[in-house]
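Structure first, then comments.
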Amino acid sequence: MYAAGDVRIEDAPDPIIVEPTDAIVRVTSACICGSDLWPYADMERSETGQSMGHEAIGVVEDVGAEVSTIKRGDLVVMPFASSDGTCEFCHEGLQTACVHVGFFGNNGMNGAQAEALRVPFADGTLYPLSVGEDDVLMPSLLTLSDVMGTGHHAAVVARVKRADAVAVVGDGAVGLCGVIAAKRLGAEQIIMMGRHQDRTKLARELGATDVVAERGKAAIEQVRELTGGRGVHGVLECVGTEASTETAVAIARPGGAVGRVGVPHYPAIRLAQPMFYKNVTVGGGPAPVRAYIEELLPDILDGTIEPGRVFDRTVDLDGVPDGYRAMADREAIKVMVTP
Ligand SMILES: [Zn+2]
């Protein structure tokens, strides 16, 4: 990506092992993320460009001398952040705060919308799968890179538990995975807040019990009505705008929690007073998806959850620029890339 709206497919030198802890992964499937749409909307022109993409499944082609658990030929999930797997934050299951963290497709780090890429700290970062490259579950497995783990993180931070009333703000792929996660954790009422009919229809199929298409005050009113005037126990904030965050705080019931996973594009969270007087907890951040793979993978393998349903278009590498356009125009929910 060279600037807002300027995505190009270019030949780049093949990635090589630089550090002895690296692996080279040949990408078998990748995708375009809702968070890629932020720079697609507002990136300043760059001479060198930024290699994009942070979600992938691929085959390990080469490993450095110090890589011990990941082997050549392994089919692996690549979480959106690299982590060493050994520091205290990794041990605590917060790999996105690893002392060696790196975010693929960001700040000069190579991206996964490519034929291959270099992965730092292969042992800590990559998660080997026991299925074949052409498994029918591949779209769902690919969501372990980001969106399913991120939706799950929103639900965990929002402290979703059995019988809860929950709201999901945002009908993008993360919000839809948030619906799956809330249902999986036992929520009884799941209110999807979104206005794109194709997405809210899918949300209902995935477990949403109610849909609120309004925004702002009208939306807050409607959630209150749907919850007997109390508000919801947990809010999964999956957008990252000032308005979506304000709505999230407003619809939380006293003692409730907001899990934020939408990258914040605002300087401060509003409604400090209601947040205080309602004892609402607001938390969240980049999901440690590496930690959640272990928990979510079995449910994908046995068909309990089908997060791969968020993909509604597949393109090859040449189709990536149009994939960005389609997602930005809300013509596609999430685009898979098969290099
Ligand atoms: Zn670490």
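Values in this document were obtained by computation on a predicted structure and should not be read as measured data. In this chain, numbering begins with 1 at the start of the sequence shown. In each ligand, atom 1 is the first atom listed, and ligand 1 is the first ligand listed.
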For this session: Please note down the angle at the Zn ion (ligand 1) between SG of Cys87 and SG of Cys98, to the nearest 10°.
Result: 120°
Exercise. Does the side chain of Thr69 come under 3.5 Å of the side chain of Asp123 through a donor N or O and an acceptor N or O?
Worked result: yes
Exercise. Are more than 12 heavy atoms from other residues, nucleotides or ligands located less than 6.0 Å from atom CZ of Arg184?
Worked result: yes
Exercise. What N/O/S atom of Asp84 is the closest to the Zn ion (ligand 1)?
Worked result: OD1
For this session: Please confirm if an N, O or S atom belonging to His91, backbone or side chain, lies less than 2.8 Å from the Zn ion (ligand 1).
Result: no
For this session: Answer yes or no for His100: is there an N/O/S atom below the 2.8 Å cut-off from the Zn ion (ligand 1)?
Result: no
Exercise. Cation-pi between Arg8 and Tyr2: NZ/CZ under 6.0 Å from ring centre and within 45° of the ring axis?
Worked result: yes
For this session: Let me know which of Val223, Val166, Val258 forms a side-chain contact (heavy atoms from CB on, under 4.5 Å) with Val232.
Result: Val223
